[in-house]
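These numbers come from the heavy atoms of this one structure, side chains and all, not from hydrogens, waters or symmetry mates. Order of the sequence lines fixes the chain letters, A, B, ..., with proteins taken first and strands second; residue numbering starts at 1 for each chain.
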Amino acid sequence: MRSLTDAQTDVRIGLEIHFQLKGEKLFCRCPTEGKGNKLGSFWRKLRAVSGEVSSVDKAAVMEMEKEREFHYEITDNSCLVEFDEEPPHTPNGENIDAAIKASLLLNCKIVDALNFMRKIVIDGSNTSGFQRTAIVGINGYFEHGNKKIGISTVCLEEEASRKIDEKDNKIYYSLERLGIPLIEVSTSPDISSPKEAREVAKNLGMLIRRIGKIQRDVDSIRQDLNISINGGNRVEIKGVQSLSAIETVLENEIKRQKSLIDISQILKQRGLNQDDIRIEFIDIAHEAIKWNSNIIRKGIEQGNKIFIFKLPKLKGLLKNGNYRLGKELADRLRVIGIGGMIHSDELPAYGINESMISWIRQILNLEENDAFGIIAIPESKSALVKNILEERVAQSLDGVPAETRAAIGDETRFMRPLPGSSRMYPETDIPLIIITKEMLEKNIKDLPKGVDERIKMLESLGIPKQEAMVSLDLGLDEIIEEIVKKYGNPTVASSFINRVRPKEKDKEKLNIIFNLLNQGKIPKEALDTLYQYPEKLEELITSSKQTPQLENRIREIVQARRELILERGENAFKPIMGEVMKEMRGKLEGQIISKIVRDEIDKIIHEK
Amino acid sequence: MSETIKFMSKVTLKWKGITVSGRYINEIGDFIIIKLDNGYNMSFKKDGIEIIEALEPDAQFENNNHKKVNGNKVGGVVIIGTGGTIASYVDYKTGAVKPLKNFQEALFNSEELETLGNIEDEILFNIFSEDMEPDHWIEMARKAYERMKEGKALVFAHGTDTMSFSASALSFMIENNHYPIIFTGSQRSSDRPSSDAYFNLKGAIKLAATSDLGDVSVVMHSDMSDDFLSIHKGVRVRKMHTSRRDAFKSINDIELGRIDSMLNIKLNDNYRKIKRENDMILYDKFEKMVSLIYYYPGMDKEIFYKQIDKSKGSIIAGTGLGHIKNEFVHYLSQYRDEKIIGVTSQCLYGSVNLNVYSTGRNMLSAGLIPLKDMLPETAYVKLGFLLGNFEFQRAKELLNTDMRGEISDRRTN
């Protein structure tokens, strides 16, 4: 039989890109950027609740099993709304405008009214236990080269808290980020390769940044991906932090999904049926205590049982080349806080030798293709662990389970089953927000130009095309435009700003130094130093006032070497210029210095 | 439109040239609300759409998450639902928060309840606390009395806005209760994962089931965290914040105790222990023609006098130590032998004292009764209770006499 790995793989990828907005938070009047002060803390528990259609969401229940405590650090840009101690305020109009503009740029139909929904998320990242989100636009498209990528929705939603730490059953969050407005753009699964996914994300990002108000920090744009291949289910990947990671994460994920489909074929060939999948535990602590295995001894010391169990027909599929079903099982257990499952594909190891292995195989009455696992857990957890293992082994017959995974480096790790739509219900504290004709018209009028037009505009200011493109990608085009319009020097300004990537607070500094450059008071070589050490600015401005004195000082230095000039003529320029530069570097532009030196030398030669 | 389409029917409509399908939720004003398959609700202006198809709703959307929890064994706790946020749910048709018909199941699964003891629930009313009336207090007092006769402790799940009024009312209306009577509520509705309802209700049930607390009490969060619940004496507690979990504070008294997150109860020594040697007494009458008047500078005398004239008794929340302007005092003196007029302070913290300034002394000569450190709302409930159940002179004497720990001459903070 032909392995599926060799078959043409049909990949369907969709992107969910989040853009943080600057200014005010979405549901309160706190600034999006704080001063970094911590003002105390509080902690809560969260509880799964019934959804709108009366089914407690699977994903939510899963988190519930963890019995976690969530600790929140209060920041100077958070208030009772973020503490979930006050109802949300009416959303800020500027944020709604930004989301409308994003929808318009992506050719979406704009909704008649915003319905804010509560999306249940009980990992603690939202103090309320839900994320507020509303659709602003649907059914759009994005032109990527000659290809149209569908835009299924553009949403306006609130950012979650930032996780700081995790210890035992406690998770620590900072409230700084909670409530920052996000524009979420979701594409249809029209993307067919990891490379294309990265390019679409990049170009889409450039377009949306045209709105302005978008945070530029690395942390401020995160991508979620969803991917399915032929024969598998849709998998959601959360929190891909950079553009370059999109490609590698997707490549690895495709490999993983292909191997899972291969595994399902092999299991069917081996004749595994759903009915055969029953995990039974046998406690072997009394025997295993004699073994020289640290991992097992530690387990027993902690009061755990040492359970062995049959993994039917899974031999060679748990850890063998691309086949990594063992990791899939372990990841599921990790979610409920259980680690350290050992399986037969990784043995002998951990102090478990061949004779112990055959003893286990005998006890479990294993056949050739059967694998086994060993796990140290308390009796109280055994039913839950059995259920989880059975469920995942059963899913391996179907290939790729539908699930939400987290991007960890270049790989992905299981987080929870794919959440259903039942985890959404209306945010009753916020009434319908009607999008009036006036609002629409205003935003259409203020709509920024597309990327191509923008690049042409920047070129017309004298900015090189390459720099214009980079600036758009970095979201620096506006500041470059401002500086160039005020102070000229398009080539120097664009390459300098693209290189140093200024933040909002650096704007004033840029204005000062490019103003000085424009007036010829500083040489362009001084830009870097001044930008990095603004305290030298004062010194420089003072010295620039002293230009005539400096010029006189240069003449003095040259005059002092009169003899050398008389001796060597014009050849004296080089050594004298060296002397002068020792004193004058950074104070005057090199060209000016050299002209004065030359003039002065000429004068002496001709006096002769 | 709504007459022909049922809740959760699958509908397909044309809007702005595209086809959208989802489930019909409801209509608000000019808008029809559809739930899309991804869970989002979307609103469409009615005059901008054309409905292509509307099917019958599937059976799976029938509400099926409520099942009845255990029975009528002797002993244990009865949770009495009266409405409010703690017993509310989101009505997906209107999008508003509405009282539950059977609130218990929405809060706990049965295993969680069983660990707390033998629990029963009963829905007495389905009203928001701002709609509570003295008649409801009477009904609650009768219900409590009746269930205590059966050997049950009580937990009232109540809206927070007027919970302290109800707790005060039951404090007065039942003398020598044989079992704990605990009020609790929530500031965040129970449809939210972050709701304070679970911890508050569990703490209240545990306290009712296991303690000898005789004071009718209120149990709510102590602070923003889920670490402690505070136990407040019903006649001493007041809602001091519109939205925080820890809105309830004991005023002019220390809390009766605390309950930690593991539901361990620690009572201070300022509570009244239950004694079953004496009979319980139910006072189930209330004089409604009693007023609570908040004095302010510039208060029009017509407005003030009218309230006084109409009332059989009044509680005045005066400024500072308990003052009202001298002009009013003279008018009140005519009612010396006809009406009971008590004086409390808008400051809430501290005691009324009418001996310090001449205005105060004039008020005393006019026959006004200084009510020391009693809260204005407690004093209002107490006056209605006294005029309903006692003859005039006795009521007047009792008003500034301590009956349930509502008044004291000694404050330590």
Colleague: Do B:Pro193 and A:Ser128 make a side-chain contact, defined as non-hydrogen atoms from C-beta onward lying under 4.5 Å apart?
Modeller: no
Colleague: With rounding to the nearest 0.5 Å, note down the distance linking CD1 in A:Ile135 to CG in B:Asn41.
Modeller: 9.0 Å
Colleague: Would you compute the distance between atom OH of B:Tyr40 and atom CE of A:Met424 and round it to the nearest 0.5 angstrom?
Modeller: 4.0 Å
Colleague: Name the region of A:Leu432, side chain, backbone, both or neither, that has any atom closer than 4.5 Å to a heavy atom of chain B.
Modeller: side chain
Colleague: Let me confirm one number: the CD-CG distance from A:Glu69 to B:Asp226, rounded to the nearest 0.5 Å.
Modeller: 9.0 Å
Colleague: Using heavy-atom distances under 4.5 Å, tell me whether B:Phe31 contacts chain A through its side chain, its backbone, both, or neither.
Modeller: side chain
Colleague: Can you find a heavy atom in the side chain of B:Met224 that is under 4.5 Å from one in the side chain of A:Ser41?
Modeller: no
Colleague: Measuring from B:Thr242:OG1 to A:Glu86:CD, what's the distance to the nearest 0.5 Å?
Modeller: 6.5 Å
Colleague: Measure A:Thr127 against the heavy atoms of chain B and call it side chain, backbone, both or neither at under 4.5 Å.
Modeller: backbone
Colleague: May I ask you to name which of A:Ser152, A:Ala134, A:Gly129 has the most heavy-atom pairs under 4.5 Å with chain B?
Modeller: A:Gly129
Colleague: With a 4.5 Å cut-off on heavy-atom pairs, point out which of A:Trp43, A:Phe42, A:Phe130 contacts chain B the most.
Modeller: A:Trp43
Colleague: Is A:Ile110 in contact with chain B via its backbone, its side chain, both, or neither, using a 4.5 Å heavy-atom distance?
Modeller: both
Colleague: Hey, could you give me the NZ/OG distance between A:Lys45 and B:Ser261, rounded to the nearest 0.5 Å?
Modeller: 6.0 Å
Colleague: Do you know which of B:His241, B:Arg244, B:Arg245 has the most heavy-atom pairs under 4.5 Å to chain A?
Modeller: B:Arg245
Colleague: Using non-hydrogen atoms and a 4.5 Å limit, figure out which bit of A:Asn139 sits close to chain B: side chain, backbone, both or neither.
Modeller: side chain
Colleague: Pairing donors with acceptors under 3.5 angstrom, does anything connect the side chains of A:Asp112 and B:Ser43?
Modeller: no
Colleague: Is the closest side-chain heavy-atom distance between B:His221 and A:Glu85 below 4.5 Å?
Modeller: no
Colleague: Measuring heavy-atom distances to chain B, does A:Thr153 have an atom under 4.5 Å in its side chain, in its backbone, in both, or in neither?
Modeller: side chain
Colleague: Are A:Asp429 and B:Arg192 ion-paired here, with the side-chain N under 4.0 Å from a carboxylate O?
Modeller: yes
Colleague: How about residues 71-83 of chain A versus chain B: which residues have heavy atoms under 4.5 Å apart?
Modeller: A:Ile74, A:Leu80, A:Phe83
Colleague: Output the distance between atom OH (B:Tyr198) and atom CZ (A:Arg47), rounded to the nearest 0.5 Å.
Modeller: 5.0 Å
